[in-house]
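Note sheet for the following structure.
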Amino acid sequence: MAKRWDKNRIKKTYPMMKRSPQWLPDIEAIECEFAIGVTQVISVSTKYQYATPVVTLGGQDNYNVWIDSSTNVGHNRYTFTIKRSAAAASVVQKVHLHVSEAG
């Protein structure tokens with residue numbers, strides 16, 4: 001007969017050294033309105049200059065939104081081309097942008 005192991009009685013091992021927490025850098029939250037259509041160009045001014053910005057985009061309504069292109073215009077200014085899945089005839093959608101530094 002094969003030996004049976006009770007998984008509830010196996011000792012759980014923990015690491016010897018506790019890891020330090022990894023803190024996120026400053027994140028800026030920006031809310032914009034997406035006008036009628038499929039493509040929207042949004043110009044954003046931030047508090048910080050980002051060498052490599054990470055942008056997270058989310059929409060409120062039942063549409064998929066994504067960033068098609070991003071451009072660093074100058075000091076603390078970025079231009080994002082945002083697209084959505086369908087052109088709505090009369091819907092103005094709110095879009096939330098979270099901008100932070102990669103790293």
Side-chain angles (χ1 to χ4, degrees):
M1 179 176 215
K3 188 172 185 178
R4 292 176 45 184
W5 292 90
D6 186 0
K7 290 183 181 179
N8 293 327
R9 292 183 178 210
I10 295 176
K11 183 179 177 185
K12 184 167 182 169
T13 58
Y14 293 95
M16 293 294 290
M17 298 294 292
K18 187 176 180 181
R19 284 205 224 151
S20 298
Q22 299 290 324
W23 300 105
L24 291 174
D26 294 327
I27 296 175
E28 296 187 48
I30 301 159
E31 184 177 304
C32 304
E33 288 190 354
F34 197 108
I36 299 168
V38 176
T39 304
Q40 179 81 23
V41 177
I42 295 175
S43 182
V44 174
S45 179
T46 60
K47 290 188 274 185
Y48 305 105
Q49 178 69 26
Y50 299 114
T52 312
V54 174
V55 181
T56 305
L57 183 66
Q60 282 187 329
D61 296 329
N62 195 15
Y63 292 102
N64 293 331
V65 290
W66 66 90
I67 297 174
D68 190 45
S69 67
S70 65
T71 308
N72 185 354
V73 178
H75 185 69
N76 297 356
R77 293 197 54 81
Y78 299 93
T79 302
F80 301 109
T81 304
I82 299 173
K83 291 188 175 184
R84 69 175 164 183
S85 58
S90 63
V91 175
V92 176
Q93 182 182 17
K94 289 190 178 182
V95 175
H96 300 278
L97 286 147
H98 295 171
V99 183
S100 66
E101 180 67 40

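This chain uses plain numbering: 1 for the first residue, then up along the sequence.
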If every non-hydrogen atom of [X] is compared with every non-hydrogen atom of [Y], which pair is closest and at what distance?
{"X": "Glu101", "Y": "Ala51", "value": "OE1-N, 3.1 Å"}
{"X": "Tyr78", "Y": "Pro53", "value": "CE2-CG, 4.0 Å"}
{"X": "Tyr48", "Y": "Thr46", "value": "O-OG1, 2.8 Å"}

Quiz item: Which distance, rounded to the nearest 0.5 Å, do you find between the CD1 of Ile30 and the CD1 of Ile27?
Solution: 12.0 Å
Please set out all donor-acceptor pairs under 3.5 angstrom arising from side-chain atoms of residues 31-45, sequence neighbours excluded.
| unit_1 | atom_1 | unit_2 | atom_2 | d |
| --- | --- | --- | --- | --- |
| Gln40 | OE1 | Ala35 | N | 3.3 |
| Ser43 | OG | Arg77 | NH2 | 2.6 |

Quiz prompt | Expected output: side-chain Asn64 to main-chain Arg84 donor-acceptor under 3.5 Å | solution = no
Return a table of donor-acceptor pairs under 3.5 angstrom between the side chains of residues 65-74 and protein atoms on other chains or two or more places apart.
| unit_1 | atom_1 | unit_2 | atom_2 | d |
| --- | --- | --- | --- | --- |
| Ser69 | OG | Thr81 | OG1 | 3.1 |
| Asn72 | OD1 | Gly74 | N | 3.4 |

